[in-house]
Amino acid sequence: MKTRTKMASIFFTSCLLIILLLGTAVYYSFDKYSHVDFDKRVQTRAIIASKYYLEKDTNKSEAYKMIREQFFEKLHKEKEMVMQLESNKSFDFYASKYHLPEELLIQINVKGKATLRDGDVVYSGLKYSQGDKTSIVVVSAENYFTAHHLAYLRNVLLIAIGLGTLLTLYVSIYFSTHIFDPVKKITDKVRQISTDNIHLRLEEPTNNHEIGELASTFNQLLDRLETAFEIQKNFISNASHELGTPLTVIIGEADLALRKERSSEVYQEAIQNILAQAERLDHITKSLLFLAQSGYQGDKPTREIVRTDQLLWDVKETFDKLSPKNHIIVDLNEVPDDPKRLKIMGNRQLLLVAFSNIIGNACKYSHYKPVTISIKATDSEVIMVIKDQGIGIPEEEISQIFNPFFRASNTQLFEGYGIGLPLSKNVIKMHNGQIKVDSQVGVGTTFTIRFPHILAKKTISV
């Protein structure tokens, strides 16, 4: 069942139930009120009749007669009965004689007055005492007005319910059809978008908050997809170029060496060139594999408690051994007294790779000028700042440095593949960390890396 059909059915059923409940409540309330009202009318007539027939004062009797004739309309099949009780006669006698319920007469004698309903006929009477004489006055009438009015009300309610049902059905269909018009427009528009025209965007209505929010969410998704497609295109283009260059050199060297007989020195030089390019290919393919694995969210690597300051010292020691010209300075002025603020949960090997890439770039693009590493901590995170005095990154290119194979326009004189920073960012992201870059051409670049430390994790888990 379609959502719009389901909504129409629910709305129609709910409204119909409400209409039926309201109609039933009105009918029941009027029925109860009309019977009570009619009972009071009969009771009033019984009182007036007793005053009229049994009052000794003639003037008062005439006044009651005038009131009854001027202000009381005669009820349907109205009867007045006045009976003087005699001690030698039972209530059964009077009930038979006047065609009255014996129960009514007994209640009047005991309580002084009583009202009894027998089908549509209502009996109301009271006991009237004058000296040693006791009389009972009973007025009866058929509740024709209530039955007539209820029948009329019932017909009105049935017509109203019928019209309400038709109106509710129309409103339900109209409502369910048009309420989804904005969603249908979004669906039709999204169906038109493909990889060929992924730049298209949905209109975001300002007068409908929910639909506007839905359209905005779709547009944000399309923005991310478009960016991902562009990155993929650039990745394929750059990867094919980076892999193609060493392959071209290898093929060229091998072809040149095989064309004719050459000296052993020429063969050795060709083999060395082939080996160098093969090693380059090996480095690129391993880096691509590592980059893909770091971005995969399936099996997560094993984690342990790692001290970030020790990681940075290990990276510094490695670079000092590989290239003594590097000038890496570790600033300990802001290191916290509590060593737990320096500890994070992570994979040591992956973190070493990430820090090595960032620090290695800082050293490479600084022409061996000082690279400063500082460590500090807050109540929730440990912060590492890596600052160099290198060539810097053009401002308009900073947002692209984490794209695979992207290299800034001022790095032509430096070797590299554009894989290190994307890999580092993936590793940092896997550890719930953040990385921020500030750079100025000719001044240097600063990388700020933040990780939640183990104290923050314990606080959150509690």
Side-chain angles (χ1 to χ4, degrees), residues 224 286-287 289-322 326-363 370-388 398-399 401-404 419-439 444-462:
R224 294 193 294 271
K286 286 182 178 179
S287 298
L289 180 61
F290 207 170
L291 179 62
Q293 290 175 339
S294 68
Y296 179 60
Q297 297 298 320
D299 297 332
K300 294 185 178 180
T302 304
R303 301 196 179 197
E304 58 183 334
I305 296 178
V306 180
R307 280 192 58 154
T308 52
D309 58 336
Q310 187 60 51
L311 281 175
L312 295 175
W313 281 110
D314 291 344
V315 174
K316 171 180 166 51
E317 183 179 350
T318 301
F319 275 100
D320 288 343
K321 289 179 180 179
L322 292 175
N326 292 324
H327 190 189
I328 302 174
I329 303 171
V330 179
D331 184 1
L332 303 177
N333 291 329
E334 297 184 83
V335 174
D337 296 331
D338 186 358
K340 290 183 179 180
R341 293 180 181 272
L342 297 173
K343 295 180 180 180
I344 64 173
M345 290 296 298
N347 183 281
R348 181 180 179 82
Q349 193 60 39
L350 288 177
L351 291 170
L352 280 174
V353 172
F355 287 132
S356 297
N357 286 331
I358 296 172
I359 295 173
N361 282 351
C363 294
V371 174
T372 305
I373 304 172
S374 60
I375 311 172
K376 56 185 178 180
T378 65
D379 293 337
S380 59
E381 57 188 7
V382 57
I383 304 170
M384 289 147 286
V385 180
I386 301 170
K387 186 176 182 179
D388 64 47
I398 291 178
S399 60
I401 63 173
F402 294 112
N403 295 339
I419 299 176
L421 286 181
L423 174 59
S424 298
K425 183 178 180 180
N426 282 357
V427 171
I428 292 170
K429 186 178 179 181
M430 288 171 61
H431 291 78
N432 298 320
Q434 299 176 353
I435 183 169
K436 179 184 176 184
V437 184
D438 295 298
S439 186
T445 303
T446 301
F447 285 85
T448 304
I449 305 168
R450 301 170 180 267
F451 291 106
H453 53 60
I454 58 173
L455 293 181
K457 287 181 176 292
K458 287 182 180 180
T459 302
I460 293 172
S461 63
V462 173

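The structure displayed is predicted, hence computed values, not measured ones.
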Trainee: To check you understand the geometry: which heavy-atom pair defines the closest contact between S356 and V315, and what is its length?
Mentor: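 Distance-wise, the nearest heavy atoms are OG-CG2, 3.8 Å.
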Trainee: Taking only residues two or more places apart in sequence or in another chain, which ones pass side chain to side chain donor-acceptor pair (under 3.5 Å) with N333?
Mentor: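 Side chain to side chain donor-acceptor pair (under 3.5 Å) list for N333, sorted by chain: D331.
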Trainee: Identify, with sequence neighbours excluded, every residue that meets side chain to side chain contact (heavy atoms under 4.5 Å, CB included) alongside P339.
Mentor: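 Side chain to side chain contact (heavy atoms under 4.5 Å, CB included) check on P339 returns R307.
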Trainee: With sequence neighbours excluded, tell me which residues meet side chain to side chain donor-acceptor pair (under 3.5 Å) with D320.
Mentor: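 Side chain to side chain donor-acceptor pair (under 3.5 Å) check on D320 returns K316.
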Trainee: Locate the shortest heavy-atom distance separating N326 from C363; write the atom from each residue and the value.
Mentor: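 Nearest pair, atom of N326 first, then C363: OD1-CB, 3.5 Å.
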Trainee: May I have all residue pairs that pass salt bridge (Lys or Arg N to Asp or Glu O under 4.0 Å) and include part of residues 343-357, sequence neighbours excluded?
Mentor: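 Of all non-adjacent pairs touching residues 343-357, those that pass salt bridge (Lys or Arg N to Asp or Glu O under 4.0 Å) are D314-R348.
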Trainee: Measure the shortest side-chain to side-chain distance between V437 and I401 over non-hydrogen atoms and say whether it is less than 4.5 angstrom.
Mentor: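 V437 vs I401: side chains touch.
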Trainee: For I359 and I328: C-alpha separation, side-chain torsions, deciding distance, then whether side chain to side chain contact (heavy atoms under 4.5 Å, CB included) applies.
Mentor: CA-CA 9 Å; I359 295 173; I328 302 174; 3.8 Å; yes
Trainee: To the nearest 0.5 angstrom, please state how far the CG atom of L455 sits from the CZ atom of R341.
Mentor: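 It comes to 6.0 Å.
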Trainee: Report the distance from atom CG of L332 to atom CG of L312, rounding to the nearest 0.5 Å.
Mentor: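 Reported to 0.5 Å precision, the distance equals 10.0 Å.
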Trainee: Which distance, rounded to the nearest 0.5 Å, do you find between the CE of M384 and the CG of L342?
Mentor: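 With rounding to 0.5 Å, CE (M384) is 9.0 Å from CG (L342).
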Trainee: Please determine whether side chain to side chain contact (heavy atoms under 4.5 Å, CB included) holds for the pair S424 and F402, giving the CA-CA distance in whole Å, both sets of side-chain angles, and the decisive distance to 0.1 Å.
Mentor: CA-CA 9 Å; S424 298; F402 294 112; 6.0 Å; no
Trainee: What residues, two or more places apart in sequence or in another chain, satisfy side chain to side chain contact (heavy atoms under 4.5 Å, CB included) together with N361?
Mentor: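 With neighbours one apart ignored, the set is K364, Y365, L421.
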Trainee: In sequence, state the C-alpha distance, the side-chain angles, and the governing distance for I358 and I435, and then conclude on side chain to side chain contact (heavy atoms under 4.5 Å, CB included).
Mentor: CA-CA 11 Å; I358 296 172; I435 183 169; 3.8 Å; yes
Trainee: Mind checking what makes side chain to side chain contact (heavy atoms under 4.5 Å, CB included) contact with V385, not counting sequence neighbours?
Mentor: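 Side chain to side chain contact (heavy atoms under 4.5 Å, CB included) check on V385 returns S374, I383, T446, T448.
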Trainee: Check salt bridge (charged side-chain N to carboxylate O under 4.0 Å, His left out) between K436 and all other residues, then give those that pass, not counting sequence neighbours.
Mentor: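 Partners of K436 under the salt bridge (charged side-chain N to carboxylate O under 4.0 Å, His left out) test: none.
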Trainee: Which distance, rounded to the nearest 0.5 Å, do you find between the NZ of K429 and the NZ of K425?
Mentor: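 If I round to the nearest 0.5 Å, the distance is 7.0 Å.
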Trainee: Using every non-hydrogen atom in the two residues, find where P336 and A377 come nearest and quote the distance to one decimal.
Mentor: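 For P336 and A377, the tightest heavy-atom pair comes out as CG-CB, 3.7 Å.
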Trainee: Roughly how far, to the nearest 0.5 Å, is CG of L352 from CD of Q310?
Mentor: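 Result: 10.0 Å between the selected atoms.
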Trainee: With sequence neighbours left out, write down each residue that passes salt bridge (charged side-chain N to carboxylate O under 4.0 Å, His left out) with E334, or none if nothing qualifies.
Mentor: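 Checked E334 against salt bridge (charged side-chain N to carboxylate O under 4.0 Å, His left out); zero matches.
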Trainee: Work out which heavy atom in N357 is nearest to a heavy atom in G420; give both atom names and the distance.
Mentor: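 Between these two residues, the closest heavy atoms are ND2-O, 3.4 Å.
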Trainee: Which atoms form the tightest heavy-atom contact between V306 and G346, and what is the distance?
Mentor: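 Between these two residues, the closest heavy atoms are CG2-O, 3.6 Å.
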Trainee: Suppose we screen for side chain to side chain donor-acceptor pair (under 3.5 Å). Which residues come up paired with T372, at least two apart in sequence or across chains?
Mentor: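 So T372 forms no side chain to side chain donor-acceptor pair (under 3.5 Å) with any residue.
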Trainee: Going from NE2 on H453 to OG1 on T308, what distance comes out if it is rounded to the nearest 0.5 angstrom?
Mentor: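 Output value for this atom pair is 10.0 Å.
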Trainee: Set out, in order, the CA-CA distance, both residues' side-chain angles and the distance that settles side chain to side chain contact (heavy atoms under 4.5 Å, CB included) for L351 and F451, then state yes or no.
Mentor: CA-CA 11 Å; L351 291 170; F451 291 106; 4.0 Å; yes
